[in-house]
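Count residues from 1 along the sequence.
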Amino acid sequence: MRKRTRRGQRGLGTPHALRTDPTPQTAMLRAAPPLLSVQPTRALVDEQFSVLVEKLPLACPVTVRSLHHSEDKDDWEAYGFYVSDHRGVVSVSEDLSFGGTYTGKEPMGLLWSMRPVPGSRSGLRLRRRNVCGPMLVNILVYSGHEGFRGRAPLASVLTERWHMAPGVQRIKVGQEGVRGTLFIPPGPGPFPGLLDLWGGGGGLVEYRAALLASRGYVSLALEYFSAGELQSADVEFSYFETAFNIIKEHPKVMADRVGLFGLSLGSMVSLYLASESTVVQPRCIVCISGNYCYPRGQMLRGVNENLRKYFDKERVDENNHHIWRDISLEIIKDPAEKVNVSKISAPMLLVNGCDDQNWCTVETAEDITQMMRAVGKEHLLSKLAYPDTGHLIEPPYSPHFRATNFIVDITKKKVILLWGGQTKPHSDAQEDAWRKILSFLQHHLYGSPTLKARM
């Protein structure tokens, strides 16, 4: 992305809905407002930015805040408490936050520590649906460390966070009964391809495929059942094979360099395809929060039968959050439920959180390791396991969602499902995992360095 610096407005007017702070220090700052800059103001969501506040008094306490109004009409925020140095400067990239939604030296804390503002609805999850437009994030500066909400900021800068780089094509897919969206990188190609499979929430989720296309991969975000309709999902095995061939046969795709990328239920489908299909021969596989229990000989809705069989193992914690980890521990006891991953001959990367409360992903990864070792294929397996990290491992700088609303398909009830993880280590894991995922894909699908799109 082209780096630009947008200077903040100085001497902002105070709307009627906002109150002013009558302290002498604030009055002085309003008389001579600080200068706020963000570089770049327009970037892909996996790129860092720097935030700098200048022309402050020495040792001046300020709050630096991010604010985003989501597509669901909810407000999300993050903030850090800083004190200016001997030059009257606060650098979010270099200085320590002494409190707020994050502490310490955290260059991207204003994004990964975002949470709904006080008084918001419970169980929210921030996900981008319109990938053709940016996620708009306001960066604001306030005097002091207390009572900043509702006050007019001293300065503000509007930033844009994009999933699609300039030149990425977004094409709706509807041929041969397949539902999805194809993202094609800029340039003549050909490019490697990826089939992008999301989890049990269902629906069409595009933002990861858009970002992968921005990094040089033709990516098909596949919808394979509607949200809340897994119980009636009559998806045949051939549906996924057709989707794979749509990528493989595209004129801008290297036919022998197509991989699978799955999260949760999507990882289960990926492993099953790689082990059982004669059509799908992936060059490599990425499985996040992996699941390897596929209802053999059944349509996809058979997954619900496994859940129903052991649903009495569901637990509910003191916050009324529903925990499914113990259900998965029962399911994996039955060898008949497991995908025979020993038949896979493609390199695999397993990315898991050690505090996953939705599925026993670490135990699953260890079992997969033993199955691959038994047939002399352990060299094909790479594993990442992150402490204090939950189930929803997203692209970097995404907020951490420990527990969110979820419609349980077999009961049709909306509950708050516990995914696990602690905000700081989970966020660190997302950043590290994304870097290693891109390196894995680069190695196995390109085999040599490639140019990366930037804004």
Side-chain angles (χ1 to χ4, degrees), residues 127 129-132 164 168-185 189-210 212-213 217-283 285-287 291 293-307 339 346 407 409-410 412:
R127 305 179 88 185
R129 289 191 295 273
N130 176 20
V131 298
C132 294
M164 283 178 60
V168 171
Q169 297 179 62
R170 177 183 177 272
I171 302 169
K172 295 296 291 185
V173 173
Q175 68 259 44
E176 301 181 68
V178 171
R179 305 182 308 277
T181 308
L182 191 67
F183 293 90
I184 303 174
F191 307 99
L194 287 167
L195 179 59
D196 189 20
L197 299 161
W198 280 86
L204 178 60
V205 183
E206 296 184 349
Y207 59 87
R208 188 172 63 198
L212 287 166
Y217 304 91
V218 173
S219 301
L220 174 58
L222 184 67
E223 179 179 9
Y224 51 105
F225 67 96
S226 300
E229 297 298 330
L230 180 58
Q231 189 166 349
S232 57
D234 56 351
V235 182
E236 299 277 1
F237 193 56
S238 60
Y239 180 80
F240 300 103
E241 294 178 326
T242 302
F244 188 87
N245 278 340
I246 287 174
I247 306 171
K248 182 179 176 180
E249 294 168 3
H250 194 280
K252 281 200 170 184
V253 172
M254 293 181 264
D256 63 340
R257 298 194 179 196
V258 180
L260 299 172
F261 196 131
L263 178 141
S264 192
L265 181 64
S267 67
M268 177 198 72
V269 174
S270 297
L271 292 174
Y272 190 57
L273 286 170
S275 64
E276 300 296 335
S277 175
T278 58
V279 174
V280 177
Q281 301 292 322
R283 185 68 171 254
I285 309 162
V286 175
C287 292
N291 178 341
C293 294
Y294 194 96
R296 296 183 191 177
Q298 301 182 47
M299 295 181 183
L300 192 62
R301 61 173 177 259
V303 171
N304 262 347
E305 298 308 312
N306 280 344
L307 285 175
V339 172
I407 298 176
D409 201 62
I410 60 178
K412 298 302 179 184

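- The structure places CD1 of Ile184 at 3.5 Å from CD1 of Ile171, a figure rounded to the nearest 0.5 Å.
- Atom CG of residue Leu182 and atom CG of residue Leu222 lie 11.0 Å apart, to the nearest 0.5 angstrom.
- Of the candidates Arg129, Arg127, Arg170, Glu206 forms a salt bridge (charged side-chain N to carboxylate O under 4.0 Å, His left out) with just one, namely Arg170.
- Counting all heavy atoms, side chain and backbone alike, Asn291 lies closest to Ser264 at CB-O, 3.8 Å.
- Shown here for Leu194 and Val258, the closest heavy-atom pair between the two residues is N-CG1, 4.5 Å.
- To the nearest 0.5 Å, the span separating CZ on Arg257 from OH on Tyr217 amounts to 10.5 Å.
- Scanning both residues, Ser270 and Leu197, for their nearest heavy atoms gives OG-CD1, 3.4 Å.
- Rounded to the nearest 0.5 angstrom, Gln281 CD and Leu273 CG are separated by 10.5 Å.
- Considering every non-hydrogen atom in both Thr278 and Glu241, the closest pair reads N-OE2, 4.3 Å.
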- Task: I would like to know whether Thr242 and Glu176 meet side-chain hydrogen bond (donor to acceptor under 3.5 Å, both in side chains); could you show each step before the answer?
- Result: CA-CA 8 Å; Thr242 302; Glu176 301 181 68; 4.8 Å; no
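- At least one side-chain heavy atom of Leu260 sits under 4.5 Å from a side-chain heavy atom of Val280.
- Scanning all heavy atoms of the two residues, the minimum distance from Ser219 to Ala209 falls at CB-O, 3.5 Å.
- Between atom OH of residue Tyr207 and atom CG of residue Asp196 there is a gap of 9.5 Å, rounded to the nearest 0.5 Å.
- A distance-only check finds a donor-acceptor pair linking the side chain of Arg283 to the backbone of Asp256 [under 3.5 Å].
- Between His250 and Leu220, every side-chain heavy-atom pair lies at or beyond the 4.5 Å cut-off.
- What you find for Val168 and Pro185 is that their closest heavy atoms are CG2-CA, 4.4 Å.
- Taking CG of Leu195 as the start and CZ of Phe244 as the end, the distance is 7.5 Å to the nearest 0.5 Å.
- Between Tyr224 and Phe240, a ring centre-to-centre spacing shorter than 6.0 Å is recorded.
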- Could you give me the CA-CA distance, side-chain angles and deciding distance for Arg179 and Leu204, then say whether side chain to side chain contact (heavy atoms under 4.5 Å, CB included) is met? CA-CA 8 Å; Arg179 305 182 308 277; Leu204 178 60; over 6 Å; no
